[in-house]
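Since the structure comes first, as structure tokens, the remarks are kept for the end.
If you're wondering where the values come from, they're calculated on a predicted model, not measured in any experiment. In what follows, chains are A, B, ... by sequence order, proteins preceding strands, each numbered from 1.
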2 protein chains.
Amino acid sequence: MPYPAKTSPEAILETALELLEQEGQANLSMRNLAQQLDLKAPSLYRYYADKKALEVAMVGYATDLLRQQIESGIEGLVPRKALKKAAEIYLEFTRAHPNLYALTMNASRFPYHPSGTGKALWNVLLAVVGRVTKNPDDTAATVALWAFLHGFANLEHSGMFGPSGPKGGFEVGLSALLEGFKTRAT
Amino acid sequence: MPYPAKTSPEAILETALELLEQEGQANLSMRNLAQQLDLKAPSLYRYYADKKALEVAMVGYATDLLRQQIESGIEGLVPRKALKKAAEIYLEFTRAHPNLYALTMNASRFPYHPSGTGKALWNVLLAVVGRVTKNPDDTAATVALWAFLHGFANLEHSGMFGPSGPKGGFEVGLSALLEGFKTRAT
DNA sequence: GTCTATATGCGGATAGAC
DNA sequence: GTCTATCCGCATATAGAC
């Protein structure tokens with residue numbers, strides 16, 4: 001008869017995030033998570049209906065955090081600088097939380113849900129790009145930037161660049177896209 | 001006492017490739033694979049030491065096939081056209097074999113091995129980009145292109161573009177990169 | 001609210017008979 | 001070369017006692 005409760009939805013979420021980053025997605029099991037919280041696995045189901053519900057919460061946290069970091073990081077910058085800064089923050093985020101980012105983007109398992117935190121993040125990127133291309137709803141250009149950022153982060157995290165590394169590929173690609181987007185504005 | 005053998009390394013590999021595309025990576029188990037071949041799982045270990053060895057063979061097949069398709073597809077094209085064509089073939093490949101492509105690029109599990117088929121594929125991309133940037137060893141630009149292609153393919157396959165789709169983002173990004181690469185040549 | 005015990009299912013891989 | 005039988009481990013999730 002433990003009072004008060006030994007845990008909470010927030011504590012579970014926090015611990016899950018830590019466990020994900022430290023042990024990787026493959027080791028994020030309800031058993032391991034419970035162990036970290038000095039609990040047994042069945043107790044977790046009082047707070048999250050199933051594992052997917054917990055993952056949805058984790059993805060929501062991730063997209064919200066990234067959006068916040070970008071929004072505050074680009075404040076007061078002119079369009080071009082803002083886009084570059086947003087790209088850098090995005091990449092830094094994928095480096096700081098590689099497994100959380102992978103979970104977030106591996107979300108083909110979650111049904112598309114337009115009114116989520118992912119939509120808010122998308123809108124921030126859309127606005128940043130729009131200020132450069134002079135088109136506030138430039139889906140195509142935003143998709144292009146997103147693809148580049150995501151691809152670079154993913155290849156880097158997967159170790160696909162090998163021991164020699166990307167050799168300035170990020171800066172070159174970002175500059176080229178910016179150049180192309182400027183042309184697009186005229 | 002079955003003579004001749006009921007299977008072969010080649011037949012196993014082929015069936016594994018089919019099974020991967022049809023059922024997805026999660027369902028590619030030694031048991032399922034054996035069933036497709038009218039075998040029992042233990043028999044497979046006579047031909048591949050373990051599952052990882054089989055996956056290595058699959059990745060080798062994928063990178064080799066993609067390299068071949070790009071090489072023959074760009075034959076006789078001028079540099080700019082060749083790069084565009086190579087990018088299109090790359091994307092088409094990821095659409096034709098999404099799960100095989102994912103396995104190939106998910107290869108952080110495989111140790112980096114410079115003398116594999118992946119290196120040959122990289123060299124083709126390097127040459128294609130080099131003809132545009134007038135630098136036969138332009139690692140940075142090749143990384144940028146690769147990141148864009150991989151990112152776009154990955155986001156598309158994950159359903160991250162949502163119901164509205166990428167809205168021309170591929171063409172816009174590719175043109176922007178090409179534009180930037182041309183500038184790089186001067 | 002947490003626990004033990006369990007249902008149920010999956011996977012990779014091996015030993016040893018035939 | 002293929003098989004049966006098995007070991008061993010992992011997982012999500014539930015029932016019901018406390």
Side-chain angles (χ1 to χ4, degrees), chain A residues 1-60 99-100 102-103 106-111, chain B residues 1-60 99-100 102-103 106-111:
Chain A
M1 351 21 190
Y3 284 92
K6 287 175 69 174
T7 191
S8 66
E10 294 78 19
I12 292 172
L13 176 58
E14 275 177 43
T15 307
L17 292 165
E18 290 168 14
L19 188 60
L20 174 63
E21 282 314 330
Q22 286 162 15
E23 305 288 334
Q25 199 166 344
N27 293 322
L28 178 62
S29 65
M30 299 303 262
R31 283 168 172 26
N32 285 347
L33 177 55
Q35 194 176 22
Q36 286 286 316
L37 288 156
D38 280 305
L39 287 175
K40 301 300 177 180
S43 303
L44 300 173
Y45 291 86
R46 290 270 160 190
Y47 302 90
Y48 291 94
D50 50 30
K51 194 186 182 185
K52 182 160 282 191
L54 176 58
E55 287 176 334
V56 167
M58 294 171 76
V59 169
N99 295 329
L100 177 58
L103 175 70
N106 192 355
S108 55
R109 300 146 32 183
F110 313 118
Chain B
M1 0 3 199
Y3 284 91
K6 286 175 71 177
T7 191
S8 67
E10 294 78 19
I12 292 172
L13 176 58
E14 275 178 41
T15 307
L17 291 165
E18 290 168 13
L19 188 59
L20 174 63
E21 283 313 330
Q22 287 161 14
E23 305 287 334
Q25 199 166 343
N27 293 321
L28 178 62
S29 65
M30 299 302 264
R31 281 170 161 78
N32 284 348
L33 176 55
Q35 194 177 23
Q36 287 286 315
L37 288 155
D38 280 305
L39 288 174
K40 301 300 177 181
S43 304
L44 300 173
Y45 291 86
R46 289 273 160 188
Y47 301 91
Y48 292 94
D50 50 29
K51 194 186 182 186
K52 181 159 283 190
L54 176 58
E55 288 176 336
V56 167
M58 295 171 77
V59 169
N99 295 329
L100 178 59
L103 175 71
N106 191 357
S108 55
R109 299 147 34 184
F110 313 118

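- Candidate nucleotides D:dA13, C:dG12, D:dT2 were compared by shortest atom distance to the side chain of B:Ala5, and D:dT2 ranks first.
- Counting non-hydrogen atoms of neighbouring residues, nucleotides and ligands closer than 6.0 angstrom, the CD atom of A:Gln25 exceeds 12 such neighbours.
- Looking at every heavy atom in both residues, A:Val59 comes nearest to A:Phe110 through CG2-CE1, 3.8 Å.
- Scanning both residues, A:Glu21 and A:Leu100, for their nearest heavy atoms gives OE2-N, 2.6 Å.
- Computed from coordinates, the B:Asn27 CG to C:dG9 P distance equals 16 Å when rounded to whole Å.
- Regarding A:Leu37, its CG atom lies at a distance of 11 Å from the P atom of C:dC3, rounded to whole Å.
- The separation between B:Lys40 atom NZ and C:dA17 atom C1' is 16 Å, rounded to whole Å.
- In this structure, the CG atom of A:Asn32 is 15 Å from the P atom of D:dG9, given to the nearest Å.
- Taking atom CD on B:Gln35 and atom P on C:dG11, their separation rounds to 10 Å, with Å as the unit.
- If you measure from atom CG of B:Leu54 to atom P of C:dG12, you get 10 Å, rounded to the nearest angstrom.
- As judged by a 4.0 angstrom heavy-atom cut-off over every strand, B:Tyr48 is placed among residues making no nucleic acid contact.
- Counting only heavy atoms from C-beta on, B:Ser29 has its side chain closest to C:dG12 among C:dT14, C:dG12, D:dT2.
- Pairing each heavy atom of A:Asp50 with each of A:Tyr45, the nearest pair is CA-CE2, 4.1 Å.
- For B:Ala49 and A:Arg31, each mapped to the nucleotide of DNA chain C holding its nearest heavy atom, the one lying further toward the 5' end belongs to A:Arg31.
- Note: OH (A:Tyr45) to C1' (D:dA13) measures 5 Å, nearest angstrom.
- Take the nearest nucleotide of DNA chain C for B:Arg46 and for B:Asp50: the residue whose nucleotide is more 5' is B:Asp50.
- Between its two ends, the helix from C:dG1-D:dC18 to C:dC18-D:dG1 turns its axis by 10°, counting five pairs per end and rounding to 10 degrees.
- Counting all heavy atoms, side chain and backbone alike, B:Tyr48 lies closest to B:Pro9 at OH-O, 2.9 Å.
- Residue A:Lys6 places at least one side-chain N or O closer than 4.0 Å to OP1 or OP2 of C:dC3.
- Judged by distance alone, with hydrogens and angles left aside, the side-chain atoms of A:Lys6 form no donor-acceptor pair with the main-chain N or O of A:Leu37 at under 3.5 Å.
- The side chain of B:Tyr47 has D:dG1 as its nearest neighbour among D:dG1, D:dT12, D:dC3.
- The side chain of A:Pro42 lies closest to C:dT4 when the candidates are D:dA13, C:dT2, C:dT4.
- In this structure, the CG atom of B:Leu19 is 11 Å from the P atom of C:dG11, given to the nearest Å.
- Scanning both residues, A:Asn32 and A:Asn27, for their nearest heavy atoms gives ND2-O, 2.8 Å.
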